[in-house]
Amino acid sequence: MKVILLGATGMVGQGVLRECLLDPEVDRILAIGRNATVQQHEKLHQIVHHDLSDLSAMEGELVGYDACLFCLGVSSAGMQEEAYRRVTYDLAISIARTLAKLNPTMTFIYVSGAGTDGSERGRMMWARVKGKTENALSQMPFKAVYLFRPGYIQPLHGVRTKTKWYGAVYAILGPLYPLWKLLFPKYVTTTECLGRAMLNVAKQGALKSVLENQDINGICQNGS
């Protein structure tokens with residue numbers, strides 16, 4: 001399986017990349033981002049491109065892929081809705097349109113978040129924007145589109161967040177993860193489990209297109 005990975009340097013993307021490298025069924029990974037990942041592997045290929053909203057210059061390199069694992073994302077903290085929409089909705093839709101044109105048989109997997117508002121009318125700005133993004137992606141002419149909504153994600157295997165205040169939170173909550181998992185199994189997952197679930201769905205599909213945290217953990221443990 002050949003996959004395109006967006007956001008390989010972020011916390012979620014790092015975890016997904018790790019699982020791609022470990023999976024013998026994944027024979028090529030094309031990581032596209034504003035910065036290169038430090039990982040090196042014979043099946044990992046990278047394109048550093050600063051304007052991800054315009055991939056026209058590299059279209060020839062984007063053909064022939066089976067899945068896109070879209071892990072790009074930013075915190076909405078301190079952002080106005082218009083700015084957050086540009087880096088969330090506008091960016092995802094622009095990339096998806098290009099990939100759908102070049103790879104109509106591709107499976108597109110988008111990492112959203114627990115609490116996303118599919119009605120697009122809720123009070124939470126980030127949830128409305130994520131919901132609008134999910135709804136638009138669902139209409140794209142891919143083979144299939146799956147929308148992952150993880151809750152709390154525990155980084156494993158050396159994965160680190162680039163957001164400083166997230167790092168402080170993980171430093172405090174990380175040692176308590178076994179307790180959170182015991183008390184709130186429906187609402188917590190790990191970077192490893194999320195990556196495995198995304199690959200399982202890319203290969204086998206899933207029974208529904210919107211996958212909440214509990215669904216992600218179930219697929220990670222039992223397959224689709």
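The residues of the chain are indexed from 1 along the displayed sequence. These numbers come from the heavy atoms of this one structure, side chains and all, not from hydrogens, waters or symmetry mates.
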Between Val38 and Ile47, is there a shared hydrophobic cluster once you connect ILVMFWY residues whose side-chain heavy atoms come closer than 4.5 Å?
-> no
Without swapping roles, check the side chain of Thr116 against the backbone of Gly113 for a donor-acceptor pair under 3.5 Å.
-> yes
Got a second to check how far Ile153's CD1 is from Leu194's CG, nearest 0.5 Å?
-> 5.5 Å
SG on Cys20 to CE on Met1, rounded to 0.5 Å | 6.5 Å
Which atom of Ser76 lies closest to which atom of Trp126, heavy atoms considered = OG-CB, 3.5 Å
State whether the side chain of Ser112 and the backbone N or O of Arg149 hold a donor-acceptor pair below 3.5 Å, judged by distance alone.
-> no
Do the side chain of Asn103 and the main chain of Gly64 share a donor and acceptor less than 3.5 angstrom apart?
-> yes
Please examine the side chains of Arg97 and Ile93, heavy atoms only from C-beta on, and report whether any two atoms are closer than 4.5 Å.
-> yes
When you measure from the side chain of Arg85 to the backbone N and O of Asp90, does any donor-acceptor pair fall under 3.5 Å?
-> no
Mind checking whether Tyr84 and Met124 sit in one hydrophobic cluster, side chains of I, L, V, M, F, W, Y counted as touching below 4.5 Å?
-> yes
Any side-chain heavy atom of His41 within less than 4.5 Å of one from Ile29?
-> no
Met58 and Phe70: same hydrophobic cluster, using ILVMFWY side-chain contacts below 4.5 Å?
-> yes
Point-to-point distance, once rounded to the nearest 0.5 Å, from CG of Leu72 to CG of Leu52 = 6.0 Å
Quick one: does Gln154's side chain get under 4.5 Å of Leu156's, heavy atoms only?
-> yes
Between Val16 and Gly195, the two heavy atoms sitting closest are CG2-CA, 4.0 Å
Can you name the residues that form a side chain to side chain contact (heavy atoms under 4.5 Å, CB included) with Asp23, not counting sequence neighbours?
-> Glu25, Val26, Leu199, Lys203
Between atom OG1 of Thr133 and atom OH of Tyr89, what is the distance when rounded to the nearest 0.5 Å?
-> 7.0 Å
Taking the side chain as C-beta and beyond, is there a heavy-atom pair between Thr191 and Arg18 under 4.5 Å?
-> no
Please name all residues satisfying salt bridge (Lys or Arg N to Asp or Glu O under 4.0 Å) with Lys101, sequence neighbours left out, ordered by chain then number.
-> Glu59
Between Ile32 and Leu62, is any pair of side-chain heavy atoms under 4.5 Å apart?
-> yes
Is the backbone of Thr37 close enough, under 3.5 Å, to the side chain of Gln46 for a donor and an acceptor to pair up by distance?
-> yes
For Val145 and Leu137, work out which heavy atoms get closest and say how close.
-> CG2-O, 3.4 Å
Flag the pair Glu61 / His45 as yes when at least one side-chain heavy-atom distance between them is below 4.5 Å, and no otherwise.
-> no
Without swapping roles, check the side chain of Asn217 against the backbone of Gln214 for a donor-acceptor pair under 3.5 Å.
-> no
Nearest non-hydrogen partners of Met198 and Cys71, listed with the distance | CE-SG, 4.1 Å
What one should report as the nearest heavy-atom pair of Gly151 and Asn213 is N-OD1, 2.7 Å
Kindly compute the distance separating OH (Tyr146) from OG1 (Thr107), expressed to the nearest 0.5 Å.
-> 6.0 Å
Measure the spacing between CD of Glu42 and CG of Asp27 and express it to the nearest 0.5 Å.
-> 10.5 Å
Side chains of Tyr65 and Leu99: closer than 4.5 Å at any heavy-atom pair?
-> no
Decide, yes or no, whether a salt bridge links Lys130 with Glu134 under the criterion of side-chain N to carboxylate O below 4.0 Å.
-> no
Check whether any side-chain heavy atom of Cys220 sits under 4.5 Å from a side-chain heavy atom of Thr189, and report yes or no.
-> no
Mark yes or no for whether Gln14, through its side chain, and Thr9, through its backbone, hold a donor-acceptor pair below 3.5 Å.
-> yes
Counting heavy atoms not belonging to Lys43, are there more than 12 under 6.0 Å from its NZ?
-> yes
Can you name the closest pair of heavy atoms from Leu44 and Ala31 and give their distance?
-> CD1-CB, 4.0 Å
